Amino acid sequence: MDDRHSSRDDKLDTLLRSTPFFAGLPDPVVDQAVAQVVTREHPANRVILLENDWGSSVYFILNGWVKIRTYNIDGKEVTLNIVGKGEIFGEMAPLDEVPRSTDVITLTSTTVANMPSSDFVKLMQTQPQAGIRLAKLMARRLRQLNRRLRLREADAQSRVADILLFLAEGQGKEGEGGIEIPNLPHRELSSLSGMARETVTRQLGKLESKGLIQRNQDVLCIIDTDALEDLIL
């Protein structure tokens, strides 16, 4: 199925303005920044960006989830991050004027807003508040990555618990039973954590039997985040 393209309507414009990157910026600044933005709807498992492409756009996720991946020296896929609604990606290549360093692939049906790279760079150059927000975003991602790297030698339970908390921090929503995140395929959690899929499946079952998480077809609910945090060695 081909990607569906549309100009922004009022609802999508509101979604774009409510993303953490734009929220609170002066209206005239946002008006100018998003003047050339268009939205695209991508089906699941669609490649949006390819490593080594040149960056002609910066992307804001309005709905859905994507994974950011690369490959190790053995050719094995490595998921670096999974991001969802409100997040930004593709911002590095335009800023340092080098090709893309990763692939970006949709995990679900996903709506993204594409901003021309030149407009994004101009925004960074003229609006200090926008630059500060981008710096904070990068700092948060670096902290998350550092934590995951520190836990690479921890036991399987700690690593699975950390991945769930990592996803909850980035994209969790408060639900009736706790913090809700998408119930992602175990292969994606496996790639993100660096463990075998069977190990991830086994540990998720243990967490569910302990009453710390609850899963249905689409949603994984973290019932007790403090208890999950306590499992991390």
Side-chain angles (χ1 to χ4, degrees), residues 42-49 51 61 63-87 89 101-110 140-233:
H42 301 278
N45 301 312
R46 174 60 56 88
V47 176
I48 300 179
L49 298 181
E51 188 173 350
I61 304 176
N63 281 299
W65 287 76
V66 305
K67 68 175 177 180
I68 300 171
R69 77 172 183 194
T70 188
Y71 292 90
N72 62 21
I73 58 175
D74 297 321
K76 182 180 178 181
E77 178 181 318
V78 177
T79 299
L80 300 177
N81 206 347
I82 292 175
V83 294
K85 181 178 178 180
E87 290 278 2
F89 65 89
S101 58
T102 58
D103 301 334
V104 178
I105 302 168
T106 59
L107 291 174
T108 64
S109 177
T110 302
R140 176 170 63 84
R141 289 180 178 174
L142 182 58
R143 284 197 304 271
Q144 291 172 336
L145 179 60
N146 286 342
R147 172 170 167 161
R148 285 165 53 200
L149 290 174
R150 287 198 303 271
L151 288 169
R152 279 289 181 175
E153 302 304 320
D155 62 38
Q157 179 178 254
S158 296
R159 292 165 68 180
V160 170
D162 179 66
I163 289 299
L164 297 181
L165 290 169
F166 160 72
L167 293 173
E169 178 185 353
Q171 296 299 321
K173 296 186 298 184
E174 191 73 42
E176 292 184 3
I179 303 297
E180 296 179 351
I181 60 175
N183 189 19
L184 296 171
H186 294 180
R187 66 177 180 275
E188 303 298 348
L189 298 178
S190 169
S191 182
L192 187 60
S193 64
M195 293 185 295
R197 183 172 59 181
E198 294 78 6
T199 301
V200 171
T201 299
R202 186 165 54 252
Q203 293 302 322
L204 288 172
K206 290 181 178 179
L207 293 176
E208 190 163 27
S209 67
K210 292 178 179 179
L212 300 183
I213 65 172
Q214 187 175 37
R215 294 176 288 174
N216 61 37
Q217 183 175 354
D218 299 317
V219 174
L220 186 153
C221 180
I222 301 174
I223 297 171
D224 190 338
T225 54
D226 290 337
L228 206 60
E229 187 80 48
D230 289 342
L231 295 178
I232 299 175
L233 302 178

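Worth knowing before you read on, the calculation uses all heavy atoms, side chains too, and leaves out hydrogens, waters and symmetry mates. For clarity, every value in this text was computed on a predicted model and none was experimentally measured.
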Distance, nearest 0.5 Å, that separates CD1 of I222 from CD1 of I181
4.5 Å
Check: N45 main-chain N/O paired with T106 side-chain donor or acceptor under 3.5 Å:
yes
Any donor-acceptor pair under 3.5 Å from R159 side chain to S193 backbone:
yes
Between L231 and L212, is any pair of side-chain heavy atoms under 4.5 Å apart?
yes
What are the two closest non-hydrogen atoms of L192 and T79, and how far apart are they?
CD1-O, 3.5 Å
Are side-chain heavy atoms of F89 and I48 found at a separation under 4.5 Å?
yes
If you take all heavy atoms of T108 and G64, which pair is closest and at what distance?
OG1-CA, 3.4 Å
With distance as the sole test, does T110 use its side chain to make a donor-acceptor pair with the main-chain N or O of W65 at under 3.5 Å?
yes
Determine whether a donor-acceptor pair (N or O, by modelled atom type, separation under 3.5 Å) exists between the side chain of Q214 and the backbone of I223.
no
Side chains of V200 and I163: does their closest heavy-atom pair fall under 4.5 Å?
no
When you compare the side chain of L204 with that of I213, does any pair of heavy atoms fall below 4.5 Å?
yes
Does any non-hydrogen side-chain atom of T201 lie less than 4.5 Å from one of R197?
yes
Could you tell me which non-hydrogen atom of T199 sits nearest to which non-hydrogen atom of A156, and how far apart they are?
CG2-CB, 3.7 Å
Sub-3.5 Å donor-acceptor pair from the side chain of D103 to the main-chain atoms of E51, do we have one?
yes
List the atom of G172, the atom of I179, and the distance in Å for their closest heavy-atom pair.
CA-CG2, 3.7 Å
Has the side chain of N183 got a donor or acceptor atom that lies under 3.5 Å from a matching backbone atom of N216?
yes
V66 pairs by side-chain contact (heavy atoms from CB on, under 4.5 Å) with which of I61, N81, I105?
I61
Should the pair E77-R187 be classified as a salt bridge under the 4.0 Å nitrogen-to-oxygen rule?
no
Spell out, as yes or no, whether a donor-acceptor pair under 3.5 Å connects the side chain of D74 to the backbone of K76.
no
Heavy-atom donor-acceptor pair, S190 side chain to H186 backbone, under 3.5 Å
no
Identify the heavy atoms of L167 and L184 that sit nearest to each other, and give their distance.
CD1-CD1, 4.0 Å
